[in-house]
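One structure is given below, encoded as structure tokens.
What you see below is based on every heavy atom in this structure, not just the backbone, and it leaves out hydrogens, waters and symmetry mates. As the structure is a prediction and not an experimental result, all values here were calculated from the model.
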Amino acid sequence: MFRTKSGKASNREQASSASAVEGGHAVGPGSTGVAEVGRRTVTSTAAAAALLLIGGGVARARSAKATRPAYTTDDVTLRLPEPSGPHRIGVTTLYLVDRSRHDPWEPLPVREVMVSVFYPARTVRGRPIAAQMTAGAAAALPHIDPLFHRELPTTGVNWAATRTHAHTGAPAQPVRRPVLLYSPGGGDPRTLGTGLAEELASRGYVVVTIDHPGDGSEVEFPNARTGRRQVRCSVLRGDPRTDPKTFRTMVGTRIADTRFVLDQLAVLAAGRNPDALGRPLPEALAHALDLRQVGMYGHSAGGTTAAQTLYEDRRIGAAIDLEGFLDYAPEKPGQEGKLLPVAHYGVDRPLLLVGTEGFPEKQALEPSWSAMLAHPRGHTRRRQLSDATHGVFTDYAVFAPQLQAAGLMTAAGRNSLVGAIDPAVSVRMVRSEVHSFFARHLPSH
């Protein structure tokens with residue numbers, strides 16, 4: 001269940017299960033995405049032996065090009081939970097190029113960003129179901145993501161086989177709807193936020209999930225270019241919370257990415273095509289964006305991004321921080337980091353902080369969250385999810401139990417990644433908490 005906190009950090013009160021799911025729908029065991037799969041045997045490989053873990057699970061990235069795995073019929077296919085809203089969903093991807101910025105991570109003359117747009121569809125007839133990940137990103141994942149999440153298997157999963165509930169290129173409903181931006185955690189791709197994005201789109205929102213190339217694990221572009229391959233992998237070499245310069249670069253770049261994406265959505269809403277390659281857009285997508293109502297949510301470093309972008313950009317009317325720090329990395333071990341401006345000065349628009357009972361860095365998180373809650377205007381609220389930990393806000397909430405059932409993840413690994421909470425509970429509660437917040441502050445039709 002969720003615990004809720006508002007005002008100063010000491011004012012914590014127990015919330016009932018019913019209040020935690022206000023406005024939501026129960027998700028039965030059949031719709032959580034927990035597959036009934038047999039046990040699989042994991043064999044060690046040279047790739048697995050090469051995984052180097054440092055700094056709390058953040059990775060020393062591989063420089064070698066990931067090769068596409070030879071999937072077998074014994075490999076597990078993971079399933080995403082079905083969305084519960086009334087709308088069928090369309091999805092498209094945009095390749096966006098900011099020519100005013102150099103890439104901060106590698107010597108590239110421009111900053112490139114990939115986004116997915118989920119939206120209520122007018123019809124899905126004849127439109128194929130989208131895969132969760134592109135083939136190239138799925139091939140890179142088992143070589144990269146276990147560096148960030150050591151609980152993940154390096155073999156035994158067909159990551160390319162997972163299907164979403166969204167239809168590629170389906171015509172959009174020509175109704176102006178609030179827009180929600182999503183920023184993933186550091187070392188995660190945007191695709192691991194698919195389940196929640198689909199839920200919000202099925203409830204009447206346009207949801208734009210953003211990849212941040214360079215610190216994200218793997219990002220596939222439509223093509224290669226000089227200086228980078230088609231699939232760009234993370235350059236992180238350690239935990240950004242132990243490297244103040246890297247952390248500042250990561251957060252600053254993510255905020256700039258987000259504001260650039262908002263600029264490009266304005267181009268789209270004006271009837272022009274922002275895709276750098278001019279790829280066709282879904283019918284009526286431009287008419288589906290109500291940029292007078294914009295919200296943002298993010299996980300971990302993405303939560304940091306959401307909160308600070310709320311402070312910096314008044315186009316965003318409300319935001320959710322899913323367990324992201326609101327201070328800079330400490331300059332020296334044992335010190336507290338300098339507060340981000342959002343925590344130092346507060347905000348005059350709604351901000352929700354959502355954490356977990358089992359987050360290993362909860363003690364380090366507390367000073368900045370307490371500072372945020374101490375501002376007298378009362379625009380910030382706090383909630384906590386019991387029996388859960390950091391990864392529960394991502395698609396790992398349903399994937400980890402499936403991997404455990406298949407013998408590809410231990411119970412200890414599952415508990416470390418997402419907690420012991422049943423996905424039938426966690427999916428319902430996270431969806432309800434996020435949707436009810438935005439329904440209060442940015443209501444959809």
Side-chain angles (χ1 to χ4, degrees), residues 27-45 47-48 66-84 88-89 91 93 116 118 124 127-146 148-168 184 188-199 201-202 209 217-220 231 391-411 413-414 417-418 422-424 426-427 431:
V27 179
S31 58
T32 63
V34 180
E36 294 296 328
V37 291
R39 296 182 66 84
R40 307 286 191 263
T41 300
V42 184
T43 58
S44 62
T45 64
T67 57
R68 185 162 300 177
Y71 296 120
T72 74
T73 55
D74 287 333
D75 287 333
V76 171
T77 295
L78 302 175
R79 294 189 295 186
L80 288 164
E82 294 182 6
S84 65
R88 303 295 293 274
I89 307 167
V91 67
T93 61
S116 294
F118 297 85
V124 298
R127 300 292 178 166
I129 293 284
Q132 182 185 21
M133 302 176 190
T134 60
L141 187 148
H143 300 274
I144 304 298
D145 290 51
F148 294 92
H149 304 290
R150 66 187 71 199
E151 305 91 347
L152 291 175
T154 58
T155 60
V157 181
N158 185 346
W159 293 100
T162 300
R163 292 293 178 263
T164 69
H165 303 91
H167 296 256
T168 301
D188 281 344
R190 73 187 191 277
T191 49
L192 287 174
T194 295
L196 184 52
E198 289 191 319
E199 173 68 12
S202 80
T209 62
S217 51
E218 62 278 326
V219 181
E220 182 163 11
V231 177
V392 78
F393 300 113
T394 72
D395 292 332
Y396 288 132
V398 291
F399 288 169
Q402 293 174 59
L403 292 169
Q404 182 187 1
L408 295 171
M409 182 179 287
T410 65
R414 176 249 181 97
L417 185 58
V418 300
D422 189 323
S426 65
V427 168
R431 285 177 167 186

Yes or no on side chain to side chain contact (heavy atoms under 4.5 Å, CB included) for L192 and F399, after CA distance, side-chain angles and deciding distance? CA-CA 10 Å; L192 287 174; F399 288 169; 4.2 Å; yes
Residues two or more places apart in sequence or in another chain: which of them pass side-chain contact (heavy atoms from CB on, under 4.5 Å) with T194?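 T194 satisfies side-chain contact (heavy atoms from CB on, under 4.5 Å) with L80, F118, Q132, T164, T191, E198, D395 once adjacent residues are dropped.
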Using side-chain contact (heavy atoms from CB on, under 4.5 Å) as the criterion, list what pairs up with A400, not counting sequence neighbours.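 Residues passing side-chain contact (heavy atoms from CB on, under 4.5 Å) with A400: M409, R414, L417, V418.
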Work out which heavy atom in [X] is nearest to a heavy atom in [Y]; give both atom names and the distance.
| X | Y | result |
| --- | --- | --- |
| G156 | L408 | O-CD1, 3.4 Å |
| P153 | P146 | O-CG, 3.9 Å |
| R190 | S116 | NE-OG, 3.0 Å |
| T209 | A197 | CG2-CB, 3.9 Å |
| G391 | T394 | O-OG1, 2.8 Å |
| P189 | S217 | CD-OG, 3.2 Å |

For the atom pair [atom1] ([X]) and [atom2] ([Y]), what is the distance rounded to the nearest 0.5 Å?
| X | Y | atom1 | atom2 | answer |
| --- | --- | --- | --- | --- |
| M133 | W159 | CE | CH2 | 5.5 Å |
| T410 | Q404 | OG1 | CD | 7.5 Å |
| I89 | R127 | CD1 | CZ | 16.0 Å |
| E220 | T93 | CD | OG1 | 10.0 Å |
| D75 | T155 | CG | OG1 | 7.5 Å |
| I129 | R163 | CD1 | CZ | 9.0 Å |

Donor-acceptor check, side chain of E199 to backbone of S84, threshold 3.5 angstrom: yes or no?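 A pair under 3.5 Å: yes.
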Is there a side-chain contact between L403 and L152 in this structure, where contact means two heavy atoms from C-beta onward sitting under 4.5 Å apart?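 Yes - at least one pair of side-chain heavy atoms lies under 4.5 Å apart.
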Tell me, do H165 and S202 make a side-chain contact under 4.5 Å, heavy atoms counted?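 Heavy-atom side-chain distance check fails, nothing below 4.5 Å.
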When you look at E218 and L141, which way does the side chain to side chain contact (heavy atoms under 4.5 Å, CB included) test go after all the steps? CA-CA 7 Å; E218 62 278 326; L141 187 148; 3.9 Å; yes
